[in-house]
Structure formats: structure tokens, C-alpha cells
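Letters go in sequence order (proteins before strands), and every chain restarts at 1. This structure is a prediction, so every number in the text was calculated from the model and none was measured.
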Number of protein chains: 2
Amino acid sequence: MPRATLPALHLAPLPASGSGPLYRQVKRELQRLIETGRYTPGDTLPAEGVIAEGLGVSIGTLRRAVDELVHENVLVRRQGRGTFVALHSSDRFLFQFFHVEPRPDPAHDAVPAERELPQVECVGFARAKSDETEAAALRIRTGEPVIRIQNRLSLSGRAVMHDRIVLAAFVFRGLTEKRFRERPSTIYRLYQSDFGLSVLRARERVRAVHASTEVARMLGVSAGCAMLEVHRVALSFGDRPVEYRVSTIHTAAHDYVSTLSKFER
Amino acid sequence: MPRATLPALHLAPLPASGSGPLYRQVKRELQRLIETGRYTPGDTLPAEGVIAEGLGVSIGTLRRAVDELVHENVLVRRQGRGTFVALHSSDRFLFQFFHVEPRPDPAHDAVPAERELPQVECVGFARAKSDETEAAALRIRTGEPVIRIQNRLSLSGRAVMHDRIVLAAFVFRGLTEKRFRERPSTIYRLYQSDFGLSVLRARERVRAVHASTEVARMLGVSAGCAMLEVHRVALSFGDRPVEYRVSTIHTAAHDYVSTLSKFER
DNA sequence: CCCAATTTGTTCGTATGTATA
DNA sequence: TTATACATACGAACAAATTGG
């Protein structure tokens, strides 16, 4: 049976605007096709040979462009199946953005330790006008409507973290507290499935603060306790901001683990 | 003139132990040659064609192996010159491990902001026996001799950070306070030039603490102030631990900036 | 269960471009 | 200028995974 794939080509022989190495031009062209919605998350791309021919480049050149997009989590390749626009629903991706884990016993350094998924409990859902900080993060105008969500996260049954999520209301039109609470999977999966927004990467800034009375009460810590505060802007294709999130973390028995200096092993 | 390159080959046609794709075997072989000191930081590798022939693989296969090592900061390629074992002395690398920057004004989000180099002042240098945590981090036995160094770091003339560096004494044999203070360049550059140790990457764990009276006094903040504490193990080739460092950061006007979710733009 | 078609993964070789000394 | 090195591009052949018949 022929593949269930979109009619494949508006693949002009490549925009004349091209500059730099050919494989970069191809990469930009693929990015453009994704960012403009020509291919959306979950879609199967045409086979390599087809794309290469459609763009008028060799298969090796196309593969190099795809290599880079795979490395940036934009595309996913599966041998024997095809190349897909990334969905980010796998377990691997749950930890792409969840950086908190129990503090290991200093004695056994080598132990990698099984990472645990947090239990999320929604403790607030409200609509409001954005303040200046939120607006700057989401690149909207100050005062534009936003949705503010508060969650309490637990690991091994102990509350360790409070999240305050801010979303542009016009982007998440139709999102209700009920829909949010009853999502079948993760929050970023909800963005994906219900609003077509893929979170590809995030910018995070970390600082230390004293627990507010409100957060202290919610997490069961004493007011004024030293807490970690993580400010995250989640980005989609073309670096479009999707979510602004402020996480407050109780680091008595847990750490924020920085990514391993750019690459993994 | 012929290249100033080491006699080039003990490059057996590849260890029979090989498994997996050929380019991975080549990569492991190159890693082995570096980790065993066959090639040391700053060395020029033989030309691609020479290595490829020596290992009995095509030049494309060799390039793929080198590609990955370049991506992991182990090798550096320069068109027209050659491929080198990484030295990490360039300005770019100063920020590979320095994650603190001024908190931006929320108003201008877009501004990238020039990153500033910290001014480092040594405020302590002592020899001691390692405690359990230090020993685990450096993978030595508890009680083995270590060197403990304390630095105060300033940005724009304001003290914002305190570092406590722990080094295995037998690795840094001959390191004196004078030599440390009078190093011509950065600390990691000193490890490199005087002890042959390249810091390639680091593991970091971040938590919030209250300022100790000692650190509070040194940074001019009130005792009990919420501070960021970063525990870093710096790693060299083969994931060998080189340094254990605990940084205490005053985040009133600065942030710890996490790497951009694995890759850059 | 196996076979055939499809698709990505790996390896090879060659030719040409560009930067450097 | 010339020689050398890495960078880019192309194409071919085969391996490995997947799917459907």
C-alpha cells in the first residue's frame, strides 16, 4: 500500500534566497515547512529519496539537514518506518524538562538512580490580565488576558515543588479548569494534542528565594525557608514562547540537576 | 614543509573487539588514543586521509566519528589547518562553565546582554584530609589528602559568589598557593597547562540554602540570606573527575542560567 | 511463518570548494 | 603560487528494521 503521506510536494527546487551550504538551505526549508504548518507534529515526512528529489539535492545532503533537525528534537527518525515531526510524548521527553531529583547519598556516587515521575495536583486555575513580566516572557502586550494555573508536585508522596503556569489566553482559547484537570497525560502533551503546540526547548533562570507564606503553607515548609525558584519560558518551533512557568522547589532532600554540559553520553 | 605530527600510526586496523557501527568503533578508538595519552590536548591529529587509511576505513566513516567527538568538545577542527585535541582556552569556553549573569530587566526580553567575566580573588588555600563527600566526588578514598581553595568572585565590582574548590593533592602535586594566585589565565587553563588536565564537561546539582555567617561576611550579605548552592564535579577525558567545587551565589541581582535545553542555536 | 516492498542506517568512493601556511 | 587540510556535495551499494500480504 502506498504510504499515508501528504501529497508531498510544494517542494520547490529550493528558494533562491539560499545562502551558505546547501544542507543548511535544505534545513531552513524543512524548518519553514514545519513552522508554517505544512507538516505538523506527528506527520510522516515523505521518504528521504522523495524529498531529496523534490528539492533537487542528493540524498546525502538531505540526510545531513535532517540529522541536524533530529539533533534539535524537531524531527524523529525510525529505521524502516520513516521520518516524523517530533511529538514529545515519550517517557524520555518527560525528563527533558523535569530537572528535580532526590539528592543522592554521597556514599554511592556511581549509582544513576531511577528517576521518578512527579504527581501533579492542580491547586489553582484563574484568568487575569498579564503583568509586565508575564507579558515580556510570552511576548504579548502587558494587560492582555492570561490563564494562571497553580500546581503542587510531589515525589514519593512528599510535596516538593510548586508551579505557577502562565498561558496567553488567546493561544489557549477554550482551555477550562475541567479540561486541564482531566487531561489524560502530561501538561505538555495537552498543549500538543489540544492546541497543536510542541514544546521543543526551554530557557531557564534559577535563583534562591525565601518561601512566601502561601507557598510555605502549600508545601508544608516553614515560612522563610530557602527555596529554589526556576523561571522557565517554554519555546516551540521558531522560538515561539508557549508557556511561562515559575517553579518553587524545596531542596531539603532534592536537587535541581543541570543538563550535563550540553551533550549526553 | 611536512606537518609537525607524531609518527602517526600505532593505528592497528582497528581492535577486533569492535561491535556496533564502524564509525562508533572508530570513535572509541580515537577516544582510547586520547585517554591513554597517545594524543594529548593541543596535539594535531594526522590528516583525515592518513587516519582513515591507518584504521582501514573510508574517509567518510572517519569523519563521522570525528564529528561526534567535535560535538562533545573532545576534538576541534580547523579548515585548512587540521584536527586538534581540544584545549579549552578560548573565550567561548570560559562561559561553558560559568552560568551566572545579571538578571535582565523584564521589559527588554530580546536583549542578549553582553556576558561579563568575573573577577576572581583567592581568599583561602589549605591542605587537608578529604571528607566523605569530597572523596566520593573525586573518587578517592576518604581521608586522602586534598587541597581546598576558596575564591570570591565579583561582577561589575560587586561580590556575588563564593567558590570552594577541592582538588586531589596527588593529582595536583606541586600546586602551591603562589602558583595558584599567579596563574596567568583561568583556573581551568591552569589545570590544563600545568597538570595536563582538560575539563570537558561538568555535572551540576543546584539547591537553595541560607547563607552561613562565613560566606555572608565574605560577600557582604546578611546571614541567613537565601543563596544558591551549586555542587559541581568537573570531568576530563573518560569521565575522570578533576575538581569538586561548591559555589554559593547571591541571586539578588543575578541568575544561574541553565543551558538551553541540550542544544544551541 | 516467510516473503517482498519500503524506508532509514551504514559504508564506500570520488569530485570539487575553501581556508591555511 | 603551491601544497595541504578540512568542508561540501553527489551517488552507489548493501544492511537492518518495519510493515503488509
Side-chain angles (χ1 to χ4, degrees), chain A residues 1-6 8-9 11 13-14 18-30 39 42-71 73-87 90, chain B residues 1-6 8-9 11 13-14 18-30 39 42-71 74-86 90:
Chain A
M1 198 180 82
R3 269 174 80 186
T5 254
L6 331 203
L9 307 255
L11 302 178
L14 266 189
S19 74
L22 188 53
Y23 72 88
R24 292 270 188 201
Q25 301 176 39
V26 172
K27 178 184 173 186
R28 279 199 298 272
E29 176 64 7
L30 293 175
Y39 297 109
D43 279 356
T44 302
L45 261 54
E48 294 178 344
V50 176
I51 301 184
E53 193 183 11
L55 295 176
V57 302
S58 79
I59 196 166
T61 300
L62 173 86
R63 277 187 66 83
R64 182 147 182 196
V66 173
D67 281 345
E68 293 199 356
L69 291 171
V70 167
H71 206 85
N73 297 327
V74 174
L75 296 178
V76 174
R77 280 204 275 226
R78 284 186 216 286
Q79 187 174 2
R81 295 193 52 202
T83 304
F84 308 85
V85 182
L87 265 180
S90 70
Chain B
M1 198 181 78
R3 268 173 83 188
T5 253
L6 330 203
L9 305 259
L11 301 178
L14 265 189
S19 74
L22 189 52
Y23 71 88
R24 293 270 186 201
Q25 300 175 39
V26 173
K27 177 183 174 186
R28 279 199 298 274
E29 176 64 6
L30 292 175
Y39 296 110
D43 279 356
T44 303
L45 262 53
E48 293 179 343
V50 176
I51 300 185
E53 193 183 9
L55 295 176
V57 302
S58 80
I59 196 167
T61 300
L62 173 86
R63 277 188 64 84
R64 184 145 180 197
V66 173
D67 281 345
E68 294 199 356
L69 291 172
V70 167
H71 205 85
V74 174
L75 295 178
V76 175
R77 278 205 275 228
R78 286 186 215 286
Q79 186 174 1
R81 294 194 52 202
T83 304
F84 309 83
V85 182
S90 70

Asker: Between A:L45 (CG) and C:dT8 (P), how many Å, whole number?
Answerer: 9 Å
Asker: Just wondering, do B:V85 and B:L75 contact through their side chains at under 4.5 Å, heavy atoms?
Answerer: yes
Asker: Has A:R64 got a side-chain N or O lying under 4.0 Å from the OP1 or OP2 atom of D:dA9?
Answerer: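 The answer is no; no side-chain N or O of A:R64 sits under 4.0 Å from OP1 or OP2.
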Asker: Can you figure out which of C:dT11, D:dC10, C:dT8 approaches the side chain of B:S58 most closely?
Answerer: C:dT11
Asker: Determine the minimum heavy-atom distance between B:A65 and B:Y23, stating which atoms define it.
Answerer: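 Looking at all heavy atoms of both residues, the closest pair is CB-O, 3.4 Å.
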Asker: Counting side-chain heavy atoms from CB outward, which of D:dA9, C:dT8, C:dT11 is closest to A:L22?
Answerer: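 For the A:L22 side chain, the nearest candidate turns out to be D:dA9.
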Asker: Give a yes or no on whether a donor-acceptor pair under 3.5 Å exists between the nucleobase atoms of D:dT18, that is its base, and the side chain of A:Q79.
Answerer: no
Asker: Starting from C1' on C:dG13, measure out to CD on B:E53 and report it in whole angstrom.
Answerer: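 Spelled out: CD on B:E53 to C1' on C:dG13 is 14 Å.
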Asker: Hey, does B:Q25 have a side-chain heavy atom less than 4.5 Å from the side chain of B:L22?
Answerer: yes
Asker: The side chain of A:P21 is closest to which nucleotide in this list: D:dC6, D:dT8, C:dC12?
Answerer: D:dT8
Asker: Could you tell me the separation between the CD atom of A:E48 and the P atom of D:dC14, rounded to a whole number of Å?
Answerer: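 Distance check: A:E48 CD to D:dC14 P gives 19 Å.
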Asker: Quickly work out the B:L62 CG to C:dT10 P distance and round it to whole Å.
Answerer: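 So the two atoms are 16 Å apart, to the nearest Å.
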Asker: Between D:dC6, D:dC10, C:dT14, spot the one nearest the side chain of B:T83, thanks.
Answerer: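 Nearest nucleotide to the side chain: D:dC6.
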Asker: Do you know the tightest heavy-atom contact between B:L30 and B:L62?
Answerer: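 Of all heavy-atom pairs spanning B:L30 and B:L62, the closest is CD1-CD1, 4.3 Å.
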Asker: Starting the side chain at C-beta, find the nucleotide from C:dT10, D:dA9, C:dT20 nearest to B:R81.
Answerer: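 Of all the options, the side chain of B:R81 is nearest to C:dT20.
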Asker: Any side-chain N or O of B:R77 less than 4.0 Å from the OP1 or OP2 oxygen of D:dA7?
Answerer: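 Checking D:dA7 against B:R77, a side-chain N or O does come within under 4.0 Å of OP1 or OP2.
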Asker: Hey, are the side chains of B:P21 and B:K27 touching, using non-hydrogen atoms and a 4.5 Å cut-off?
Answerer: no
Asker: Do the side-chain N or O atoms of A:T61 get closer than 4.0 angstrom to the phosphate oxygens (OP1, OP2) of D:dC10?
Answerer: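 Yes, A:T61 has a side-chain N/O under 4.0 Å of OP1/OP2 on D:dC10.
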Asker: For B:R63 and D:dA7, is the shortest distance between a side-chain N/O and OP1 or OP2 below 4.0 Å?
Answerer: yes
Asker: Atom CG of B:D67 to atom C1' of C:dT11: distance rounded to whole Å?
Answerer: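 Distance check: B:D67 CG to C:dT11 C1' gives 15 Å.
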Asker: Mind calculating the distance between CD1 (A:I59) and P (C:dT10) to the nearest angstrom?
Answerer: 14 Å
Asker: Using whole Å, what does the distance between atom P of nucleotide D:dC10 and atom CG of A:L55 come to?
Answerer: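 Interatomic distance, CG of A:L55 to P of D:dC10: 11 Å.
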Asker: Determine: side-chain N/O of B:Y23 to OP1/OP2 of C:dT11, distance under 4.0 Å, yes or no.
Answerer: no
Asker: Calculate the interatomic distance between B:R24 atom CZ and D:dA16 atom P; express it in whole Å.
Answerer: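 Interatomic distance, CZ of B:R24 to P of D:dA16: 16 Å.
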